[in-house]
J.: 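Mind having a look at this structure? Questions to follow.
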Amino acid sequence: MLCSKYSNVHFKTERQGIQLQIKVVTFNIHHGKGTDGKINLNRIAEAIEESEPDLIALNEVDRYFSKRSHYLDQVSWLAGRLKMNAAFGAAITIKKKKGNMIRQYGNVLLSRYPIVSEKNHPMKSGMIEGRSLLEADVLINDKPLKMYVTHLSLNPRRRNKQIEFIASKIKEDRSPVVIAGDWNMKRGGKAWSTIAGIVQDCYMAAKTPSNTFPSLRPVMQLDYIFTSRNIEIASVEVINKIPAASDHLPLMATLSLI
């Protein structure tokens, strides 16, 4: 939608070649509703912008969804506020019988780099709240990157099925892969083991405490960033600048692409 005039991309010279370093953030924004019960998208933006991320995976984003978020297109608002390109993947779509408004809720990718293609994959959830996998091809200084954003079910059986679908998609990819979002799972469990057998959990490389939920006193990690094994993980950190912005904290990984 919008593209920034600058990028915070960094280069490192290593023996094996030039490494391109990027920052990736994943953040469940709870449709902009903070722990104080107030909707404040500016606070969401402020919570992450100082970290200067290149790619941002967002969950629970409303697009003209309901009165709770004032029927605002939160995708366009955040893309404009952060001066980034955007891709949206609906998990819920409601079409009114009267009028042309389509109400949606789902996942978003914000990128400082061109998003050259995007596709949304609805996943069976068996619940009122649908689940989906947003797939996008991003071009970073002429280097292709496959980026996925998802938010998985709370139900273990359905979540395992969703991860099996995601795993089958990733196996088809030839470009370096990053997949991020709210996975609603614990590290070491069946769901985690399935996906971690294909891609690497950024935490396992950096060994940095990564609890993201609940935001005011985080005791567990629900939000994860995984990458293909041809991506080097330089660091991982939880961003706790504004804990009240959402019920989750943003998680950021600094990655090196060769």
J.: For residues D223 and T26, is any side-chain donor paired with an opposing acceptor at under 3.5 Å?
T.: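 Result is no, nothing qualifies.
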J.: Do I39 and F27 land in one hydrophobic cluster if side-chain heavy atoms of ILVMFWY residues count as linked below 4.5 Å?
T.: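 Different clusters.
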J.: Are D247 and F213 close enough, and set up right, to give a side chain to side chain contact (heavy atoms under 4.5 Å, CB included), and what steps lead you there?
T.: CA-CA 7 Å; D247 58 343; F213 184 85; 3.8 Å; yes
J.: Charged N to carboxylate O under 4.0 angstrom, R81 versus E49?
T.: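 So R81 pairs with E49 through a salt bridge.
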J.: Any chance the side chains of T212 and Q221 put a donor and an acceptor closer than 3.5 Å?
T.: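 Absent: no donor and acceptor within the cut-off.
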J.: Any chance you could lay out the side chain to side chain contact (heavy atoms under 4.5 Å, CB included) test for I195 and F226, step after step, and finish with the verdict?
T.: CA-CA 9 Å; I195 195 69; F226 292 92; 3.6 Å; yes
J.: Look at the side-chain heavy atoms of Ile, Leu, Val, Met, Phe, Trp and Tyr, link any pair under 4.5 Å apart, and say whether V61 and M84 land in one connected group.
T.: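 Both belong to a single hydrophobic cluster.
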J.: With a cut-off of under 6.0 Å to the ring centre and 45° to the axis, is R103 in cation-pi contact with F65?
T.: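 Yes, R103 lies over the aromatic ring of F65.
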J.: Is there a path of hydrophobic side-chain contacts, each under 4.5 Å between heavy atoms, that joins I198 and M204?
T.: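 Linked within one cluster.
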J.: Looking at every non-hydrogen atom in both residues, tell me the closest pair between A47 and I242 and how far apart they are.
T.: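 Smallest interatomic distance, heavy atoms only, reads N-CD1, 3.8 Å.
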J.: Count the heavy atoms of every other residue, nucleotide or ligand shown that sit under 6.0 Å from NZ of K119, and state whether that count exceeds 12.
T.: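 Counting other residues, nucleotides and ligands, NZ of K119 stays at 12 neighbours or fewer.
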J.: Say whether S132 and N107, considering side chains only, have a donor N or O and an acceptor N or O under 3.5 Å apart.
T.: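 S132 vs N107: donor-acceptor pair found between side chains.
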J.: Do L134 and M147 share a hydrophobic cluster (ILVMFWY, side-chain heavy atoms under 4.5 Å, transitive)?
T.: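 Yes; tracing contacts between hydrophobic side chains, which count when under 4.5 Å, links both residues.
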J.: Is a side-chain donor-acceptor pair under 3.5 Å present for D62 with Q74?
T.: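 Result is no, nothing qualifies.
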J.: Applying side chain to side chain contact (heavy atoms under 4.5 Å, CB included) to T194 and M185, what does each step give before you reach the verdict?
T.: CA-CA 12 Å; T194 299; M185 66 182 181; over 6 Å; no
